[in-house]
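All values below were derived from every heavy atom in this structure, side-chain atoms included, with hydrogens, water molecules and symmetry-related copies excluded. These figures come from a predicted structure and were not determined experimentally.
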Amino acid sequence: MAGSAVCATLDLSKSLSNFSSEATKCLELTNITEWNGKILEERERQIREIALILAGQCIAILLYNLSQSQSANQTAMNKTKGWWDSNMQKHGYRKRQILTVGNVLVTLKLPYMVKRKSTPTTKNKIPTQGFCPLLKWLGMSDGLTPLVWSTVAQYGAITSSFEAACTTLTGWGINLSLKRIERLTYKFGQIGINLRQSKILNRQLGNLAEGNILKGQRVVIAVDGGRSRIRINKKGRKSSKTKRHGFIGKWVEPKLFTIYVVDEQGKKINSSEIPITNDGTYEGYKALLEILEAYLVDLGISQAKQVLLIGDGAEWIWIHIPPLLTRLGCPAETYQLFDFYHVTENIKVFADAAFNEEVQSKDWFIKVRKSLKKGKAKSLISQMDELIAVATGERCKIMVTKRNYILDAYRKGRLNYDKAINKKLPIGSGAIESLIRQVVNLRIKGNSKFWLKENAEIMLHLRCQWIAKSWDNFCASIFNSFIKPETA
């Protein structure tokens with residue numbers, strides 16, 4: 001543990017007295033003429049520190065009372081019986097230290113369960129590693145309170161690095177080593193990944209109940225991919241100099257999606273009743289489709305009023321997701337759109353190749369861009385054909401490629417921006433572009449950043465929850481997963 005921990009007094013009166021004494025000193029107005037912003041900031045820090053210690057001392061008393069409660073210990077036994085097997089037995093008591101806020105450390109004496117097994121050579125039963133039911137039940141098996149663990153995982157995920165997380169956590173009275181912060185963050189996120197996989201499995205087995213959150217709602221599904229480098233260890237012998245295996249950095253595309261609801265005016269809704277859903281994966285489009293399907297069923301996509309699928313021109317999106325939406329029973333008002341701004345980027349490339357003068361290119365581009373919004377894609381394609389007819393060489397090849405892109409989108413009904421605008425639905429994929437920037441670019445992607453795939457997957461999943469403002473619900477699902485009563 002980084003920094004010196006504060007021992008729990010388990011005496012509320014003493015803790016209040018210590019707080020009162022220290023707070024009184026901080027409230028003294030001495031040498032006021034020498035004060036400045038820095039001195040006031042230091043007083044603020046001192047008050048925050050002693051307040052956090054008081055909070056930690058109160059939590060320590062709460063934990064001690066739970067550890068001494070026969071009812072709490074029996075409840076813990078009942079709530080964790082699903083983790084037992086036939087060889088699990090009580091094995092006395094063990095002392096365990098738990099870290100609370102304010103860096104307060106409390107020692108608890110708790111009932112301990114252990115699995116006994118027989119060795120191949122003897123019939124003597126040898127105890128193996130077990131667990132304390134109370135800690136398992138309340139999510140404290142790693143020696144921290146739920147609030148401390150979730151806060152460590154939160155800052156481990158949302159800050160720019162684990163070093164930044166360490167600094168921030170220290171300021172809020174959680175003094176842990178860099179390695180422990182990293183390990184706790186990944187462990188927290190891995191539980192989330194496991195829960196997601198469990199949902200996918202239940203869907204595949206037909207056991208995932210359909211929700212109703214999207215009932216009667218106007219739903220937007222936006223999909224896109226980012227870029228970051230994954231670390232792949234080299235095979236063979238370790239280097240004689242470093243005594244380590246080398247590695248190569250491979251650029252891969254994490255695939256992400258966001259599911260959100262817009263009101264009748266086209267404004268995005270994000271509330272506890274109708275939350276935004278973000279997620280993604282490094283495991284390829286097939287894994288993303290499984291994740292997306294599980295979320296859509298859980299949210300009740302078949303009960304939506306309208307559904308809009310929006311993305312760029314990536315083939316995997318349009319080959320696989322529209323059939324998925326059909327199979328899940330999406331409403332008749334289900335639309336598909338190419339991201340307007342991605343399409344106009346292609347038109348701009350066409351314009352630059354078609355005209356020698358920049359002014360001509362710009363004027364033509366502005367004109368057709370406006371007409372495309374009005375639903376005049378067919379007119380645009382005709383104009384492109386006319387320009388291609390008089391073009392030659394390499395420019396002609398570029399123009400044909402871009403015209404074919406627009407023509408294919410038109411034939412598949414993915415350029416109906418006028419209809420989307422009239423229905424007050426978005427025509428751009430800004431939501432998913434923003435998600436990729438915040439989730440991938442600001443943390444996972446960067447110079448000299450090479451991630452193990454499993455760690456990148458966890459970080460992506462955690463950051464998706466934070467950006468969706470669903471962190472509290474995510475944490476609740478993590479801690480509820482420790483409850484496993486005995487099954488019939």
Side-chain angles (χ1 to χ4, degrees), residues 220-227 251 253 255-257 266 285 306-323 325 333-437 441:
V220 180
I221 305 168
V223 188
D224 204 351
R227 273 174 67 80
W251 285 102
E253 181 189 54
K255 293 174 169 56
L256 293 86
F257 64 81
Y285 77 86
Q306 295 172 336
V307 175
L308 170 64
L309 171 64
I310 191 164
D312 62 14
E315 287 189 3
W316 69 269
I317 296 175
W318 306 105
I319 291 174
H320 299 287
I321 297 183
L325 298 181
E333 286 194 75
T334 297
Y335 310 102
Q336 302 173 23
L337 276 185
F338 270 18
D339 171 35
F340 179 77
Y341 305 99
H342 181 79
V343 169
T344 55
E345 283 177 2
N346 282 270
I347 296 174
K348 184 66 170 67
V349 173
F350 179 95
D352 290 341
F355 298 96
N356 292 323
E357 298 294 330
E358 184 178 347
V359 174
Q360 289 180 304
S361 172
K362 185 176 180 180
D363 288 346
W364 184 84
F365 171 71
I366 292 173
K367 181 182 177 181
V368 299
R369 187 176 184 271
K370 289 180 179 178
S371 69
L372 186 61
K373 272 190 177 181
K374 295 177 181 179
K376 298 179 180 180
K378 190 174 181 179
S379 173
L380 165 63
I381 294 168
S382 296
Q383 293 181 55
M384 296 174 95
D385 285 338
E386 291 174 5
L387 291 168
I388 288 171
V390 296
T392 59
E394 192 62 34
R395 285 189 172 191
C396 184
K397 291 181 181 179
I398 294 172
M399 293 165 67
V400 169
T401 300
K402 298 306 177 183
R403 188 278 313 274
N404 290 344
Y405 171 83
I406 300 297
L407 181 60
D408 182 63
Y410 170 71
R411 286 174 173 171
K412 293 175 179 175
R414 294 171 185 152
L415 299 179
N416 296 321
Y417 301 112
D418 56 324
K419 293 181 180 179
I421 291 171
N422 290 336
K423 293 180 181 294
K424 291 184 168 53
L425 290 169
I427 62 172
S429 58
I432 190 66
E433 298 286 351
S434 175
L435 180 66
I436 289 170
R437 179 180 178 274
N441 297 355

Counting distance only, does the side-chain N/O of [X] pair as donor-acceptor with the main-chain N or O of [Y] below 3.5 Å?
{"X": "Y335", "Y": "I310", "value": "no"}
{"X": "W318", "Y": "D312", "value": "yes"}
{"X": "T344", "Y": "F340", "value": "yes"}
{"X": "N422", "Y": "D418", "value": "yes"}
{"X": "N416", "Y": "K419", "value": "no"}

TODO: Starting from the C-alpha separation in whole Å, work towards a yes-or-no answer on side-chain contact (heavy atoms from CB on, under 4.5 Å) for M384 and V368.
DONE: CA-CA 10 Å; M384 296 174 95; V368 299; over 6 Å; no

So which atom in [X] and which in [Y] form the shortest heavy-atom distance, rounded to 0.1 Å?
{"X": "A351", "Y": "F365", "answer": "CB-CB, 4.3 Å"}
{"X": "A353", "Y": "M399", "answer": "CB-CG, 3.8 Å"}
{"X": "N346", "Y": "K402", "answer": "OD1-NZ, 3.0 Å"}
{"X": "A420", "Y": "P426", "answer": "CB-O, 4.4 Å"}

Value rounded to 0.5 Å, distance of [atom1] in [X] from [atom2] in [Y]:
{"X": "I436", "Y": "L256", "atom1": "CD1", "atom2": "CG", "result": "5.5 Å"}
{"X": "D339", "Y": "I317", "atom1": "CG", "atom2": "CD1", "result": "10.0 Å"}
{"X": "L337", "Y": "H342", "atom1": "CG", "atom2": "NE2", "result": "13.5 Å"}
{"X": "L309", "Y": "F338", "atom1": "CG", "atom2": "CZ", "result": "10.0 Å"}
{"X": "K376", "Y": "L380", "atom1": "NZ", "atom2": "CG", "result": "12.0 Å"}
{"X": "I388", "Y": "I398", "atom1": "CD1", "atom2": "CD1", "result": "11.5 Å"}

TODO: Show your reasoning for whether salt bridge (Lys or Arg N to Asp or Glu O under 4.0 Å) applies to D363 and K367.
DONE: CA-CA 6 Å; D363 288 346; K367 181 182 177 181; over 6 Å; no

Task: Working for side-chain contact (heavy atoms from CB on, under 4.5 Å), residues I347 and R369 - done: CA-CA 8 Å; I347 296 174; R369 187 176 184 271; over 6 Å; no

- [ ] Would you please test F257 and I321 for side-chain contact (heavy atoms from CB on, under 4.5 Å) and show each step?
- [x] CA-CA 11 Å; F257 64 81; I321 297 183; over 6 Å; no

Open item on the list: Can you confirm if the aromatic rings of F350 and Y405 lie within a centre distance of less than 6.0 Å?
Closed with: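 Ring-ring flag for Y405/F350: false, centres at least 6.0 Å apart.
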
Within-4.5 Å side-chain heavy-atom neighbours: [X] and [Y]:
{"X": "E433", "Y": "Y341", "value": "no"}
{"X": "V343", "Y": "I406", "value": "yes"}
{"X": "K255", "Y": "V223", "value": "no"}

